[in-house]
2 protein chains.
Amino acid sequence: MTATTIKDIAKLARVSHTTVSRALNDSPLINRETKHRIREIADRLNYSPNLSAKSLVLDRSYNIGLFFSTLTSGTSSTFFFETVRGAHRAIPPDYNLVIKGIDDYPDFGKITNKSFDGIILMSQSADDQRFIDAVTTKHIPLVLLNRSVDDGMLLNILADDEQGAYSAAQYLARLGHRKIAIIEGRPGFQSAARRKNGFAKAMQEHEIPLNPDFCVAGNYDVQSGYDAMRRLLGLAERPTAVFCSNDDMAFGAMKACMEAGLKVPEHISLVGFDDNHFSAYLTPALTTVRRPIELISSEGASRLIQAIGRKETIAETILLGAELVIRQSAAAPYKSVDIMEEAHE
Amino acid sequence: MTATTIKDIAKLARVSHTTVSRALNDSPLINRETKHRIREIADRLNYSPNLSAKSLVLDRSYNIGLFFSTLTSGTSSTFFFETVRGAHRAIPPDYNLVIKGIDDYPDFGKITNKSFDGIILMSQSADDQRFIDAVTTKHIPLVLLNRSVDDGMLLNILADDEQGAYSAAQYLARLGHRKIAIIEGRPGFQSAARRKNGFAKAMQEHEIPLNPDFCVAGNYDVQSGYDAMRRLLGLAERPTAVFCSNDDMAFGAMKACMEAGLKVPEHISLVGFDDNHFSAYLTPALTTVRRPIELISSEGASRLIQAIGRKETIAETILLGAELVIRQSAAAPYKSVDIMEEAHE
DNA sequence: CTGTTAGCGCCTTCAG
DNA sequence: CTGAAGGCGCTAACAG
């Protein structure tokens, strides 16, 4: 009933347990035949090494931690799924992909280089800094996804949010819109700031002043997009186009438009950010910016694995392109008289 | 630079490492004062136990495996997210929640009671049976989510798919529909079969014959819902209502309706299954069946933890209710003449 | 090529 | 209440 160990195999093979260990680890020191014989016995006994013992002596846990700022809120399901899948794909099967929220820990004492061989942090905001510090001072290999931090010697991988938002806003401007609003991302999230920057930059280049009424708060979830759009629609002078800082909020925004009897894109243009699984299936299909989340995650994971193997730290910031995907939710503006007329019946 | 161990603490406290071990584990054998003194030293040194060593001697890995049939396809993001979040919530922070796909493993030799203290299986189809057998023969505590298997002594937790689908179909029938179609779930998935059963039962009770043309294949993803609906719309005699076996497919189906110029629910009624995050934000808001995925998962996880603690197996099947959520995508049917007229211009 | 010995960090008898 | 000794399963010198 107790699991078979190398000693059991050693007895049957009439060799020492050391020889068994070496044979099973394919050491060149061992005779081909003995090796073969030992392996057959091991197979027959369904031997599988005790990872805890191995970990103890090799000083590796085989755990890769995938940390989110929190798992309880503020993470959208598509984002989460793609992140996990990307990491999972890049990690060798003998590693454990361990999902954690930073807020699981009252303090970071339990996070040691014994408990994680490496850590992937899908970081949202600067609040994660304490965690990053704890991890780096313990010399645990770390990659930072989705956010860049310049001060340190870290590997950062993220989408070019600013460029992506810039393209989206520029697209709206080129379509002829002048009254362009933005529904912003979650306050404090670096991605939110970067997207707003890109948006502002495009406005500036097209000499469109940034109307404070047209910059409304959101927090990346569907409901917040809905609420924000209602605020926008309540304005005396409505925008003719809205850049939503992510697709979830664009969904909510579209809902609000529909409820108000506005047609998208005839009465109002909408663009999103992320290009999640559902965007193409909305009616109208959502024009948005594709963010390669799964790629960011898998790239980060494989670099981490490399870094662990080579025992060296890499400090670099990798910006992955975010491209505009043109679909049906944005078009040239109606004249505003038309809008007011129809919308107010 | 090497981590502090109980021996380091022992030296400073001028006691044996045994005493330190006991003190840190709050053994009643140790004097209050010594205990206190030792703990302070431990704190000061930022001591954190080496889990591998602990695992080795205690014969526990502190790993809880959360297995999906596969991570590469066939799992929707909302489903995945809610599952992980439910399990995460129920698992004590000193455990590792390890995400795995069954198809990560060529064989199950590496899955031992040393590598996982317990396993949660989010099971889709009967193909998982080999995995289940492997796990149970190794006496690793297991809970099976989302699917029931009767032969064994297992803990099964799942939504009442049949009842849920029944309510949805009954609702459509009571609305006055007679031409009701079903877009089926992924072939081979138990949930798909159960939902179809519930649907069929409702049809039978309302004396509506099951038209084979009205039973179209799907595989739970958005695109398959779209494709299926297009097939339905190509029929000489179109259905007036469609039960989609999950929300993702309902999204796709709605898209196909819109493209065909049909209004939902005026021309055609749609209901889904799952009640995912976006359903309420569709236009029209999706009438669907709420499936408590996160609850299933957290319930499973906490039962597993209990079972591990008590070292006993619990065999039980728990069916969690799935309730109809009435929103706007289903209504009483038009007369078919109207539909033909408008749809064909 | 193989065996002996030692030790990873921790917990658990068994003595005192 | 505390300490000494032993061992969990495995790998790594060091000898032969």
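Every value quoted in this text rests on a predicted model; they were computed, and no experiment measured them. Worth knowing before you read on, the calculation uses all heavy atoms, side chains too, and leaves out hydrogens, waters and symmetry mates.
The nearest whole Å value for the distance from the CG atom in Asn50(A) to the C1' atom in dC8(C) is 13 Å. Between Asp59(B) atom CG and dC10(D) atom C1' the separation is 14 Å, expressed in whole Å. Residue His17(B) contributes atom NE2, which lies 13 Å from atom P of dG7(C) at whole-angstrom precision. We find that CG of Leu45(A) is positioned 14 Å from P of dG9(D), with the value rounded to whole Å. The CD-C1' distance, from Glu33(A) to dC1(C), rounds to 12 Å in whole Å. With rounding to whole Å, Leu56(B) atom CG is found 8 Å from dC10(D) atom C1'. In this structure, Asp8(B) places its CG atom 11 Å from P of dC8(C), rounding to the nearest Å. Here dC10(C) presents its P atom at 5 Å from CD1 of Ile6(B), a figure rounded to the nearest Å.
Using a distance-only test at 3.5 Å, with no hydrogens or angles considered, no donor-acceptor pair links the side chain of Arg85(A) to the main chain of Glu294(A).
Contact annotation: Tyr47(B) reaches the phosphate of dC10(C) (side-chain N/O to OP1 or OP2, under 4.0 Å). In this structure, Ser21(A) reaches the dT11(D) phosphate: one of its side-chain N or O atoms is under 4.0 Å from OP1 or OP2. At dG3(C), one or more side-chain N or O atoms of Thr19(A) fall inside 4.0 Å of OP1 or OP2 (strictly under the cut-off). Distances shown here put a side-chain N or O of Ser16(A) below 4.0 Å from the OP1 or OP2 atom of dG3(C). Within the 4.0 Å cut-off from OP1 or OP2 of dT4(C), not a single side-chain nitrogen or oxygen of Thr18(A) is found. Taking side-chain N and O atoms only, Ser52(B) has no distance below 4.0 Å to OP1 or OP2 of dC8(C). Regarding contacts with the backbone of dC11(C), a side-chain N or O of Asn25(B) is found under 4.0 angstrom from either OP1 or OP2. Lys7(B) has no side-chain polar atom (N or O) that falls below the 4.0 Å cut-off from OP1 or OP2 of dG9(C).
Taking every side-chain heavy atom of Thr34(A) into account, dT2(C) is the closest of dT11(D), dT2(C), dC10(C). Closest to the side chain of Arg22(B), from the set dG9(C), dG3(D), dA12(D), is dG3(D).
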| task | Might you work through the side chain to side chain contact (heavy atoms under 4.5 Å, CB included) test for Val135(B) and Phe108(B), ending with a clear yes or no? | result | CA-CA 8 Å; Val135(B) 171; Phe108(B) 305 134; over 6 Å; no
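Using a cut-off of 4.0 Å between Lys/Arg side-chain N and Asp/Glu carboxylate O, Arg44(A) and Glu40(A) are scored as not salt-bridged.
Below 30°, between 30° and 60°, or above 60°: for Phe68(A) and Phe79(A) the angle between ring planes is above 60°, a perpendicular geometry.
A donor-acceptor contact closer than 3.5 angstrom is absent between the side chains of Asp161(A) and Ser191(A).
Each of Lys114(B) and Ile30(B) was matched to the nucleotide of DNA chain D holding its nearest heavy atom; the match closer to the 5' end belongs to Ile30(B). Checking Ala53(A) against Asn31(A), the closest nucleotide of DNA chain C that is more toward the 5' end is the one next to Asn31(A).
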